[in-house]
Engineer: 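Shown below is the structure under consideration.
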Number of protein chains: 2
Amino acid sequence: MSSRQKILDTAAALIHTRGFYHTSIRDILQAASVTKSNFYYHFESKEQLAFVVLGERMRQFYAIAIGPSIDNHELGPLERFEAFFDRILAIGRSEAGELGCPFGNLAQEISAVHEPLRRVLSTFFEACTEAMERCFEEGMGTGVFPPELPAKQLAGFIFAQIQGAFLLRKTYKDPEVLESNIGMLRGLIRDWSGRPRSPTMPSP
Amino acid sequence: MSSRQKILDTAAALIHTRGFYHTSIRDILQAASVTKSNFYYHFESKEQLAFVVLGERMRQFYAIAIGPSIDNHELGPLERFEAFFDRILAIGRSEAGELGCPFGNLAQEISAVHEPLRRVLSTFFEACTEAMERCFEEGMGTGVFPPELPAKQLAGFIFAQIQGAFLLRKTYKDPEVLESNIGMLRGLIRDWSGRPRSPTMPSP
DNA sequence: GGTTTAGAACCAACCGGTCGGCACTATCCG
DNA sequence: CGGATAGTGCCGACCGGTTGGTTCTAAACC
């Protein structure tokens, strides 16, 4: 693997676990076995590295988790959400999932102190939410969801729920939290679609 | 105000905005106009300061936001949740609310790197969730909520939602996110209680 | 031969933390 | 009553180490 890629990968991992400001360039370079001069040959600063790492991971996440589920027009809207939750759960169950959502972590850390990075994350979050919103709207068009559904509000609600669940999964060090919250979301989506609920969910 | 209290207050504010690791003792002392030796007279380390600040704020939050609402036995279970949401919204609308939830922020920052602080926050989160759980159970006993309600799961769901909403409110720099998500929660609670929904919420 | 890498020395600024000492007050003892 | 003692609150100077970032030479590699 190229030095540049080694830096990017170890930087992503270290920033995920320790946070951006709590990770020094020396930490990254030592873990990646790359010299400092080499780092500054490939990147112009620690800040620019953050943009590159973030951009790479955003594309990666969208391609793995959202593209094949929420954006997958071969599935019906309900199946898309199911597939999406499956992928979120797979991430949450993995070793990296114990560290929380890398984007949520970074957003928490820098939103109040680094406006340019905040804007990148904000745009990315909006893109994810809008993908869900479109999924709802399509379902409203085909009758899977009732036509009066507040699609945007629901999409934002689901996104916030997932972020909160990842935070608690990290704080409690317990993957069960994610399972429970995603289970609740599955039940709610079925509710909104008018389908019967799963047996573990309460009926109003 | 005593030097000690000045340190505690400015430390709480700075940690809230910049994070614990991204806030230096010098930053705190300069903002509080207190000298370093004076700091080390009152606190034994930056780490210990974190525990003191956190403990103070946790007590404060519980007394202001949960005690008079979720734990208020003069109100019915539904009214307690309403009162709780009112208080959460008031915090979210305030200037400090723009910085997200101080506990959620800290949990995000230290959960993976500082086990003792993580444990304090984890216990605190559990206490908040259990307060809601008890509220649900009381309502189930008096018939306000149906008896088969999964109280613990719902309490965890609400807590995660609030945390996620605060994170997005911070990332988007938009208080509306919180309003919308809390509005959704209000609707869900009414659903679970069997009462009629508010008009902006979709009916299953 | 241009791209990539290694190595090392170096910088100013900053980090958490320590040092001895200086006022002020309250108490105790003769 | 007066002087020694002890505790409190505070100060400026200073410590070793780390931070992000720079600059150089020289060797690999395609």
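We name chains A, B, ... by the order of the sequence lines, and we start the count at 1 in each one. All figures in this text were calculated on a predicted structure; none of them were measured in a lab. FYI, side chains are in, hydrogens and waters are out, and symmetry mates aren't considered; it's all heavy atoms of this structure.
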Engineer: Taking Arg118(A) for the side chain and Thr171(B) for the main chain, is one N or O donor matched with an acceptor at less than 3.5 Å?
Structural biologist: yes
Engineer: What integer distance in Å separates Gln5(A):CD from dT5(C):P?
Structural biologist: 12 Å
Engineer: To the nearest angstrom, how far is Ile28(B) atom CD1 from dC15(C) atom P?
Structural biologist: 11 Å
Engineer: Just wondering, more than 12 heavy atoms not from Lys152(A) lying within 6.0 Å of its NZ?
Structural biologist: no
Engineer: Using whole Å, what does the distance between atom C1' of nucleotide dG16(C) and atom CD of Gln48(B) come to?
Structural biologist: 14 Å
Engineer: Using a cut-off of 4.0 Å between protein heavy atoms and nucleotide atoms, how would you tag nucleotides 12-30 of chain D 5' to 3' with B, S and -?
Structural biologist: B------BBBBB-------
Engineer: Just verifying a value: how many Å separate Arg186(A) CZ and Leu78(A) CG, rounded to the nearest 0.5 Å?
Structural biologist: 11.5 Å
Engineer: Are OP1 or OP2 of dG9(D) and a side-chain N or O of Tyr41(B) less than 4.0 angstrom apart?
Structural biologist: yes
Engineer: For Arg93(A), run the salt bridge (Lys or Arg N to Asp or Glu O under 4.0 Å) check against Glu179(A), Glu176(A), Glu98(A) and tell me which one passes.
Structural biologist: Glu179(A)
Engineer: Round to the nearest Å and state the distance from Met1(A) atom CE to dT5(C) atom P.
Structural biologist: 12 Å
Engineer: Measure from NZ or CZ of Lys46(B) to the centre of the six-membered ring of Phe20(B), then state whether that distance is under 6.0 Å and the direction lies within 45° of the axis.
Structural biologist: yes
Engineer: Starting at NE2 of His42(B) and ending at P of dT18(C), how long is that distance when rounded to a whole Å?
Structural biologist: 16 Å
Engineer: Quickly, which of Phe125(A), Phe103(A), Phe124(A) forms a ring pair (Phe, Tyr, Trp, His ring centres under 6.0 Å) with Phe159(A)? Name it, please.
Structural biologist: Phe125(A)
